[in-house]
Amino acid sequence: MARFIAVRLAATLLLLLALSFIVFGLLHLTPGDPARNLLGPRNPSPEALAAIREKYRLDEPFLRQYFLWLNDVLHFRFGTSIRSDTPVTTLLADRVVLTLQLALMSFVLTVAVGVPLGIAAAWRAGSLFDRTVSVSSVIGVGAPSYAVGLVLLYVFGVWLEIFPVYGSGDGGLDTWWHLVLPAITLAFGIGALAFKVTRTAVASELQQDYVAFAYSRGLTHSQVRALVLRNALIPVATSLGLVFGFLFGGTILVEVTFALSGIGGLLASSVTFKDIPVVQAITLITAAVIALTALAVDVLYYAVDPRVRQRGLR
Amino acid sequence: MSQPLSVSRRALLQGAGGSALLLLIAACGDDNASVTTTGGTDGGEGIDTTGPATAEEIDTLTVAFPSSLSNIYPGQEAGNFNYYVAVLVAEALAAPDSTGKLVGALAESWTQPDATTYVYTLRSGVTFSDGSALTADDIVYSVGLAKDEAMSPNTAYYWANVDKAEKTADNEVTITLLSPDVAFEWGPVAANAMWVTAERFVTAAGGELGTPAALFTGTGPYKVTSFEPDKGVELERVDTYWGGKAPVKTVKIEFIPEETTRLLARKAGDIDMAISISLDQEQQWKDTDATDVLFAADRSYVGIDFNTAVEPFDDIHVRKAIALACDRATYVEKLINGHGEVATALTVPQQIESVVGDKAREMLAVVYDLPFDLEAAKAELALSKVPDGFSCKVGVSSSAPQVSQFFQALAATVKDMGITIEVEEMPVEQWYGTIGSPDWGLAYMWYFNATGDPAELISWFLAEGNPASYTSEEVAALLQQQREEADPALRVDLIIEAQRLAMEDIPYVPLWWGEAATAIDDAFTIDDFGSYTLLSPWTTRILTKG
Amino acid sequence: MKRLPITPLVAAVPLAVVAVFVVGAQWLAPDATTQDIYTGVTPPGTDGHLFGTDQLGRDIWQLSIAGAGSAVIGPIVIAIGSMMLGLLLGTLAGYIGGGLDLVLSKYADLLLALPTTLIALVVAGLVDGGYWVTVLVLLVLFSPTDIRIARGAVMAQATRPYIESARVLQLSRTRIMFRHILPNVLPIALATMLLNVAFALVAMSALSFLGFGVGPGTPDWGRQLSDGRDLIGQNWGAVVVPGLLIIITAAAINLMGDWLQERFEQRGAQR
């Protein structure tokens, strides 16, 4: 087990390394110059360009720039944003926390609503309830989050005046309160997905031979139900782990709609500005969160599924 | 959605995704300058806001900006909205009054013993927001800061012609130029290129000025108590401000990039004021309870740039054919909902009104007046070296949807003439690269004047290195002459003559001068709201309606 | 599993309509991009404009019909492309196994660990070319799921008696792969493909909404949604029509994909 985790961590590091190089390369190969972007549209003076390039080490050759950056990152120095002249760690600290909070909250909502509905629907497959929820879930997957967000804002923010309309509040509970509507918006599509996965897993488990066998041996309905659920929820848990990573990387539209300062909006503006240190930091953090969640899921999988435990992990 | 907000020193157009970028007004007693106030619930026109207003204490004013700031020191990031915050916190030697005339700020007065020397006498009793006194050394240091290319990439350019700044007495600073330039007076202005601070604050900030960890400390009526990039700025009144205590105690500036969300925030009563609202949502703001919408010219210029060094735009017949195909009155009416006026020159009227008063528009009308005439456009194209038409592309910043629509409309108009214009939308930074580039013969400029100097735009657009690659010895001579002309009225004549002469060759097509809308809770009013309001300490002018 | 056959019918209607839009746009919406700036924005129900017009006076309904193409074609290319890529790599990995399997599986793991939306945004933001760049990026990022499915299915099939007998008959590896294994993997791959179309449609309209999509003047639902945002007070049709089209199309494709998947799984289970 320890070896498995070590190997996976090493693989994750390699992945991050490769990703950082690709993104760095893309930022360099594509047209545009952050120093020029900082100086605006006028013909910039060569002195001004030189001063800025030197300050942000943009005058070094490509590979050297990359290795300087890598060396810094290995020493936990993430550099300074070119656009705002702010250390990347300062810039990202609060945003990563906010995006994590948002992802966590909508993850909880997704699980709390999607999974029970999926179980109930599979249990009564083909019923009116099943069909109603199934069809609505399919609509949820396709609904643009911008539209969902504005409808929720209008109903719960302006009309019913229950939730705040924008921003992330003053920290603590207030922030969680501000994140309710954004989290629901984000969970709307993913929750539909969680419902589908759960329903499929439980339904296919119900078709297994052991179910009929269990009934024939006189097990009660609730006993069989518990058995089915235990087996069905293992694949569900695996998919849900991936869902968390997806949520973490998919907050941008919701951030824009609700005026939240998370990492998605910052990435969009940093990409077009070619603010290299910021783009690098955000892609790496996001990829790391996703990779580590996947690892956690596998470890969990190992812990709960006796079959895998016996076989051992790859 | 939010757009990166980083623009030229002179506050070029910047905008939040769907919305235009915009601002304030022109007024100045001219009939054409529109300052209208429209009421909320009853939706009536022209409600009088000039009733008795009182300077009653207002505890908190919540203001929503349509785009966010990533740094509050404009030397680093110089979008319009950076300026609106900076002018509350910091000051410089001079400042514009409500008509755009320069008056003393930290300098009580100044004299000009010769064409290249400016002597500023400092105001006494001025303190920074931490209570320490302002000295002449701080002024000298601040000039150096604004001139430093690495610390202040957006203002260094402006100080290139400055030879030195030195303390010549305890309350006197002398600035010497390399060559005469009348427009220099607009340099040491917080609305443009200087923000006075002290060396100790910058040292304490560790060189990271304007970031959340290193807030900018100045002498202004407010101090920043917190700044979170992409979220908001909180300001607290400085009770020891030399100009007196403002009515509003706490100003909360919130960044709400999505226009509809901002409107809903107003409907829910969460914000008191919204700057630069989307003109497309004008009616919805007016229909919102207890909300007034103020319109005013914003001193912006929008127009086509032809790169006259690039084929086929090196041919004046081609340029003239395109110019004749522009139905400018319709663009103003439809694309900016009538909130603006057809531009007849590079200089906007509000830049010369403080000198020539009501005659501004009449004087500028002679610069450019080609009508919309498709037949003439076709005839003109037939005379050119591409009589059957041609294809070209134009790059438009995604923060300028109205400009994108303009070029799409123009493309539809000239299609019959065999001209194909392909509109490419791009991030604002990429758009910078199209200006004056040999790859983009057709381009545009959306320019916000930061100073009140009448030569602001032409000192770029008609000078060497201009985006049209336009050269004319006569124009260059006029340009040099105005730099040295001390009499304001004569100087305005020279400035107008220079662009009139240049426009005979049509390197540019002026399209419109813009207008902006500000929404505010109808319990408040903004005293003497004008073109220059947001570029002076505007929160000190917010009063409670009687 | 019981499922009324009504599902595919319900899904088929909107899909057929969208297909007609895509194929017949030039006849159904000949004036989609025709501008009339003198008309400008008009509300739904204006003479001759069922859902009104936008700032350039373009008819919202015709524009939406013409927008079906870019809404659907890109996602279809993504889904088919990633399916082909996935099938090819997955089948190779599953059938040949060994080192190749390891490499390809790791490659799939690598892609799965990438934040799809963010990567698409980074690449589309940096590389000129808008729409098709986004299509290419999403195609690559969608492929790991297909690789895994194909690999799993091939491994399951490879142990079946009929493959063993084919081996005994000394049929070539390629022949076994293409003639015998692929047809068995295809149904599940097709169902996945449909679901991918729906995902890609939502992802692409989101990117387009954020400004990383088609250029101005090109009819596109995501772009219409973004352009129409501020117009909602003047013409609600500008937002509601493209918004509903996205929802309905994605939902119909999803329903169809689900239904197919269930049918194939049932068939597999019965065998």
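Order of the sequence lines fixes the chain letters, A, B, ..., with proteins taken first and strands second; residue numbering starts at 1 for each chain.
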Would you say Y107(C) has more than 12 foreign heavy atoms packed within less than 6.0 Å of its OH? yes

What part of A143(A) gets closer than 4.5 Å to chain C, counting heavy atoms only: side chain, backbone, both or neither? both

Need one label for A206(C): side chain, backbone, both or neither, based on atoms under 4.5 Å from any heavy atom in chain A. both

Hey, which of L244(C), V202(C), T249(C) has the most heavy atom pairs under 4.5 Å with chain A? V202(C)

Bottom line for L193(A): the part with an atom under 4.5 Å from chain C's heavy atoms is side chain

Where on F248(A) is there a heavy atom nearer than 4.5 Å to chain C: the side chain, the backbone, both, or neither? neither

Between the CD1 atom in I232(C) and the CG atom in L150(A), the distance rounded to the nearest 0.5 Å is 7.5 Å

Y146(A) vs L210(C) side-chain heavy atoms within contact, under 4.5 Å: no

Between the CD1 atom in I119(C) and the OG1 atom in T283(A), the distance rounded to the nearest 0.5 Å is 6.5 Å

Tell me whether the count of non-hydrogen atoms from other residues, nucleotides or ligands lying under 6.0 Å of CZ in F21(C) goes above 12. yes

Heavy-atom contact with chain A under 4.5 Å, split by part of L195(C): side chain

So do the side chains of N254(C) and K196(A) get within less than 4.5 Å of each other, counting heavy atoms only? yes

Quick check on L19(A) against chain C: is it the side chain, the backbone, both or neither that has a heavy atom closer than 4.5 Å? side chain

Between V23(A), T293(A), T12(A), L253(A), who has the most heavy-atom pairs with chain C when the cutoff is under 4.5 Å? L253(A)

Quick one: CH2 on W259(C) to OG on S134(A), what's the gap to the nearest 0.5 Å? 15.5 Å

Chain C heavy atoms under 4.5 Å from I252(A): which part of the residue, side chain, backbone, both or neither? side chain

Exceeds 12 heavy-atom contacts within 6.0 angstrom, atom CZ of F213(A): no

Options I246(C), L121(C), V122(C), ranked by heavy-atom pairs under 4.5 Å with chain A, top entry: V122(C)

State, with a plain yes or no, whether a side-chain heavy atom of I247(C) is found less than 4.5 Å away from one of P144(A). yes

Distance in Å, S137(A) OG paired with D258(C) CG, rounded so as to fall on 0.5 Å steps: 7.0 Å

